[in-house]
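Along the sequence shown, residues are numbered consecutively beginning with 1.
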Amino acid sequence: MYFPILRGRQFELLALRECVNNGILSDFLIPIVEPVKVSSTFTKTLDSFVDHKHPIGVIRNPVVGKWSREIVKTSNQKIQKHYTELLDNKYLIETFYVTPDLGSNGVLWENRILQFEKSILICNQQEYVEHYEHITSGISPLYNIIPDRADFRRSIRANRVMCEDHFPKQSRNIDYSGIDTEFFSADHLYYKEDGYKGFSDYSVVGSEYSETGFAPYAVAIHIVYFDDNNKLRIAHFVSDSNDDISDPARKFGEAVEKLVQWNKIMKLNTMGIKAFEDTYKNGTYPGLGVAKKYSIMHHLELMSVYLNEVEK
């Protein structure tokens with residue numbers, strides 16, 4: 001099982017929605033979304049997963065973004081009501097970060113009874129492992145997402161899912177210029193023999209979160225692919241006209257042309273790749289947020305095809 005974790009920003013949500021609406025997500029892939037901002041895009045995305053009967057994890061106690069502050073506002077009552085109703089649907093899996101504020105199994109928390117045996121717990125801070133043991137009280141959560149480290153494995157033994165941030169983050173997009181391709185992950189090959197029920201990461205976005213964007217000097221497109229040994233690598237396609245922030249459309253065109261030429265050899269055939277190729281063919285600029293959406297869609301479809309083959 002694969003559990004990609006995505007923050008609920010607009011284009012991450014749109015990527016998830018387009019994937020589920022087009023039926024390209026494997027039954028062995030359960031995305032987990034962390035709401036960061038109150039929006040109809042978020043609830044519409046959850047609606048799509050319910051409509052298509054595909055499970056999705058929803059983080060109830062987000063640690064980044066404005067969701068927790070915004071959702072209680074009177075102006076957001078309609079979205080709050082719909083969200084609360086959605087949480088009762090069996091295709092939405094309540095997911096929690098293990099923090100000192102999280103209550104114990106079976107108690108009332110945020111107006112709902114905690115049922116960890118039906119929930120996913122994310123314990124990524126070693127200092128909270130003892131609290132995890134306290135709040136679960138012998139109950140085995142549906143899945144426990146933890147870092148692949150001995151200090152977590154010793155204490156959290158049931159239904160473990162290994163989680164690592166594999167995205168090779170650089171300070172600036174231009175820093176990818178000298179890195180055509182690099183190793184991404186082999187977790188999908190070894191997680192079972194390492195005693196895990198699944199593997200998790202932050203897709204091609206990474207775990208780092210920022211509230212604001214900025215105009216980059218360079219445009220970089222990141223595409224994951226399998227090498228001859230079925231290990232995942234990630235290729236970077238970077239613009240050339242990187243002296244200032246002007247003309248992002250031109251920069252995107254330079255980057256996507258490199259992707260298209262590369263794919264003539266690789267022959268990747270996902271919705272995300274086809275969307276990139278269409279922008280090149282038509283000479284259009286979809287915007288950097290849409291480009292990120294295409295990269296995420298490609299990654300999720302690529303993994304879905306792989307999982308459908310190896311898990312059947």
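Residue-environment remark: CG (Leu87) exceeds the threshold of 12 foreign heavy atoms within 6.0 Å. The environment of CD1 in Ile265 is sparse: at most 12 heavy-atom neighbours from other residues, nucleotides or ligands sit within 6.0 Å. Counting heavy-atom neighbours within 6.0 Å of Phe28 CZ, excluding the residue itself, gives a total above 12.
Of the N and O atoms on the side chains of Asp201 and Tyr2, at least one donor lies less than 3.5 Å from an acceptor on the other residue.
Under 4.0 Å is where a charged nitrogen must lie from a carboxylate oxygen, and between Asp240 and Lys258 at least one such pair does. Under the 4.0 Å criterion applied to side-chain N and carboxylate O atoms, Arg112 and Asp88 are assigned as salt-bridge partners.
A donor-acceptor contact shorter than 3.5 Å links the side chain of Asp244 to the backbone of Ser246. Side chain of Thr95 to backbone of Ile59: no donor-acceptor contact under 3.5 angstrom is found. At least one donor-acceptor pair closer than 3.5 Å links the side chain of Asp227 to the backbone N or O of Asn229. Panel note: side chain Ser203, backbone Val205; no donor-acceptor pair is recorded below 3.5 Å. Proximity of a side-chain donor or acceptor of Arg7 to a complementary backbone N or O of Ser207 within less than 3.5 Å is detected. Distance alone, capped at 3.5 Å, places no donor-acceptor pair between the Arg17 side chain and the Ser48 backbone. Within the 3.5 Å criterion, the main-chain N or O of Asn173 finds no donor-acceptor partner in the side chain of His236. The backbone N or O of Thr99 sits less than 3.5 Å from a side-chain atom of His131, completing a donor-acceptor pair. Of the possible donor and acceptor atoms, none in the side chain of Asp165 sits under 3.5 Å from a partner among the backbone N and O of Tyr202. The main-chain N or O of Asn76 is never found under 3.5 Å from a side-chain atom of Glu70 such that the two would form a donor-acceptor pair.
The aromatic rings of Phe226 and His188 sit perpendicular, their planes meeting at an angle over 60°, well past the 30° parallel limit. Classified by interplanar angle (parallel below 30°, tilted 30° to 60°, perpendicular above 60°), the ring pair Phe167/Tyr176 is tilted.
In this structure, Val98 and Leu102 approach most closely via the heavy-atom pair CA-CD2, 4.3 Å. Heavy atoms only, all atoms of each residue included: Trp67 and Pro62 are closest at CD1-CG, 3.7 Å. Minimum heavy-atom separation, Ile30 to Pro55: CG2-O, 3.9 Å. His54 and Leu29 get closest at one heavy-atom pair: NE2-O, 2.8 Å. Smallest separation of non-hydrogen atoms from Ser104 and Phe116: C-CE1, 4.0 Å. Shown here for Ala255 and Ser239, the closest heavy-atom pair between the two residues is CB-N, 4.0 Å.
A single hydrophobic cluster is seen to contain both Val36 and Val63, as judged by linkage of ILVMFWY side chains at heavy-atom distances under 4.5 Å, directly or through other members. Note on Phe199: it clusters hydrophobically with Tyr190, by side-chain heavy-atom contacts below 4.5 Å among ILVMFWY residues. Residues Tyr83 and Tyr91 are members of separate hydrophobic clusters, defined by side-chain heavy-atom contacts under 4.5 angstrom among Ile, Leu, Val, Met, Phe, Trp and Tyr. Cluster membership check: Ile79 shares its hydrophobic cluster with Leu46, using side-chain heavy-atom separations under 4.5 Å among Ile, Leu, Val, Met, Phe, Trp and Tyr. Put simply, Ile5 and Tyr128 are part of the same group of oily side chains (I, L, V, M, F, W, Y) that touch within less than 4.5 Å, one to the next.
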Pair up each side-chain donor or acceptor in residues 289-297 with any protein partner under 3.5 Å, not counting sequence neighbours, and list the distances.
from: Lys292; atom 1: NZ; to: Glu12; atom 2: OE1; distance (Å): 3.3
from: Lys292; atom 1: NZ; to: Glu12; atom 2: OE2; distance (Å): 3.0
from: Lys293; atom 1: NZ; to: Glu18; atom 2: OE2; distance (Å): 2.5
from: Ser295; atom 1: OG; to: His222; atom 2: O; distance (Å): 3.2
from: Ser295; atom 1: OG; to: Ala291; atom 2: O; distance (Å): 3.4

If you apply the rule side chain to side chain contact (heavy atoms under 4.5 Å, CB included), what do you find for Asn105 with Ser137, and how did you get there? CA-CA 7 Å; Asn105 185 69; Ser137 302; 5.5 Å; no
One pair to check against side chain to side chain donor-acceptor pair (under 3.5 Å): Tyr143 and Ser200. What are the steps and the verdict? CA-CA 11 Å; Tyr143 294 104; Ser200 176; over 6 Å; no
Show the numbers, then the answer: is there a side chain to side chain contact (heavy atoms under 4.5 Å, CB included) between Val129 and Asp151? CA-CA 9 Å; Val129 170; Asp151 48 346; over 6 Å; no
Begin from the C-alpha positions of Leu121 and Thr136 and carry the test side chain to side chain contact (heavy atoms under 4.5 Å, CB included) through to its verdict. CA-CA 10 Å; Leu121 296 190; Thr136 53; 3.8 Å; yes
Does Met303 form a side chain to side chain contact (heavy atoms under 4.5 Å, CB included) with Ser26? I'd like the steps, not just the answer. CA-CA 8 Å; Met303 295 308 299; Ser26 168; over 6 Å; no
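Remark: Met1 CE to Leu307 CG distance equals 8.5 Å, nearest 0.5 Å. Atom CD in Glu130 sits 12.0 Å away from atom CD1 in Ile135 (nearest 0.5 Å). Rounded to the nearest 0.5 Å, atoms CG (Asn124) and CZ (Arg149) are 9.5 Å apart. Atoms OG and CG, on Ser241 and Asp247 in that order, are 6.5 Å from each other to the nearest 0.5 Å. Here the OG1-CG distance, from Thr45 to Leu13, works out to 4.5 Å after rounding to the nearest 0.5 Å. Note that SG of Cys163 and OH of Tyr191 are 14.5 Å apart. Values are rounded to the nearest 0.5 Å.
Considering only heavy atoms from C-beta on, Ile24 stays 4.5 Å or farther from Leu300 through its side chain. Using a 4.5 Å heavy-atom threshold, the side chains of Tyr306 and Asn230 count as touching. Counting only heavy atoms from C-beta outward, the side chains of His166 and Asp187 approach each other to under 4.5 Å. At a threshold of 4.5 Å between non-hydrogen side-chain atoms, the residues Tyr209 and Glu34 do not count as touching. Side chains of Phe42 and Val38 form no contact here, defined as non-hydrogen atoms less than 4.5 Å apart. By the 4.5 Å heavy-atom criterion applied to side chains, Asn144 and Tyr132 are counted as neighbours. Residues Phe96 and Leu114 form a side-chain contact, since some pair of their non-hydrogen atoms from C-beta on lies under 4.5 Å apart. Residues Ser39 and Gln10 fail the side-chain proximity criterion, which asks for heavy atoms closer than 4.5 Å.
The ring pair (Phe, Tyr, Trp, His ring centres under 6.0 Å) test with Phe237 is passed by exactly one of Phe252, Phe276, Trp262: Trp262. Across Asn269, Asn263, Asn282, a single residue satisfies side chain to side chain donor-acceptor pair (under 3.5 Å) together with Glu277, and that is Asn263.
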